[in-house]
Structures are given as structure tokens and as C-alpha cells.
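Below is one structure, written out as C-alpha cells, with a few remarks after it.
The structure presented is a predicted model; accordingly, all values stated were derived computationally and were not measured.
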Amino acid sequence: MKIIKFDTLEDVFECYGRENLVAIDNIKQIIFYTQYGCQPKYVGENEVKQGKISCWFLKKETNFVYKQWLDRKPNLEGKHGT
């Protein structure tokens, strides 16, 4: 499988369609997703929160992992004291 290297977020939208992508800016959630094998299609500055990173994932690739995140999120946050 070849990874596409995008230069801009607009290139990602053109390739996948904005409606098929989800932006995640919670670093714990990003790490969780990548540990489950979901890789972001684009990483860059958040469109709204300047200075904050966002990772753009394909929604269909994150459906299962998102459910896992919701099930474990309270335990993860309590475990780290946040």
C-alpha cells in the first residue's frame, strides 16, 4: 500500500472529500487511533485553533476505533488524572 503525501489540506479534501474526513485535535485520541492502526491522511495546524495540531482521518477507517475510544475514554482520563 502506497501512502499519498499531500501538500495541503485542500489536496486532501479534493482526494477524499471533506465529508469523508474527520479532524481530531485531542493528542490522547490521536495516539489512541494510531495505536489501533489508523493513520492520519493529513497533519497540520487546526483551522480554527491556531497553534494547535489537527490530524485528519478517514471516517470509515475510524468507526470501529472511535467506539473503542468512547468505551475506554473515561478509564484513560481517570488513569492519567485529567
### Query
Would you call Y36 and W69 a side-chain contact if the rule is heavy atoms closer than 4.5 Å?
no
### Flag side-chain contact, heavy atom, 4.5 Å: L21 against F57
no
#### Entry: For T62, all residues meeting side chain to side chain donor-acceptor pair (under 3.5 Å), sequence neighbours excluded
none
### Task
List in chain and number order the residues that pass side chain to side chain donor-acceptor pair (under 3.5 Å) with N20, two or more places apart in sequence or in another chain; answer none if no residue qualifies.
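Applying side chain to side chain donor-acceptor pair (under 3.5 Å) to N20 gives none.
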#### Entry: Joint cluster assignment, I24 & V48, ILVMFWY side-chain distance < 4.5 Å
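Cluster IDs for I24 and V48 differ.
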### Query
Is there a path from V22 to Y16 through hydrophobic residues (I, L, V, M, F, W, Y) whose side chains come within less than 4.5 Å of each other?
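Different clusters: V22 never reaches Y16 through Ile, Leu, Val, Met, Phe, Trp or Tyr contacts under 4.5 Å.
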### Message
Check whether E45 reaches the backbone of I53 with its side chain - one donor and one acceptor, N or O, closer than 3.5 Å.
### Response
no
### Query
Rounded to the nearest 0.5 Å, what separation is found between the CD1 atom of I4 and the SG atom of C15?
4.5 Å
#### Entry: Inter-residue atom distance F32.CZ - Q68.CD, 0.5 Å rounding
6.0 Å
### Message
How close do Y42 and L9 get, counting heavy atoms only, and between which atoms?
### Response
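Heavy-atom minimum between the residues: CZ-N, 3.6 Å.
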### Message
The criterion is salt bridge (charged side-chain N to carboxylate O under 4.0 Å, His left out); which residues satisfy it with K67, sequence neighbours excluded?
### Response
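Counting only residues at least two positions away or on another chain, K67 forms no salt bridge (charged side-chain N to carboxylate O under 4.0 Å, His left out).
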### Query
Picking from T34, I30, V12, what satisfies side-chain contact (heavy atoms from CB on, under 4.5 Å) with P40?
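By the side-chain contact (heavy atoms from CB on, under 4.5 Å) criterion, P40 pairs with just one of T34, I30, V12: T34.
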### Task
Run through D25, N26, I27, I31 and flag the one making a side-chain contact (heavy atoms from CB on, under 4.5 Å) with Q29.
N26
### Query
Does anything in residues 7-19 pair up under salt bridge (charged side-chain N to carboxylate O under 4.0 Å, His left out), and if so which pairs, sequence neighbours excluded?
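Salt bridge (charged side-chain N to carboxylate O under 4.0 Å, His left out) check on residues 7-19 returns R18-E47.
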## Note on the structure
Residue pairs meeting salt bridge (charged side-chain N to carboxylate O under 4.0 Å, His left out), one or both in residues 51-62, sequence neighbours left out, come to K41-E61
#### Entry: All ring-ring contact (aromatic ring centres under 6.0 Å, His included) counterparts of F13, not counting sequence neighbours
W56
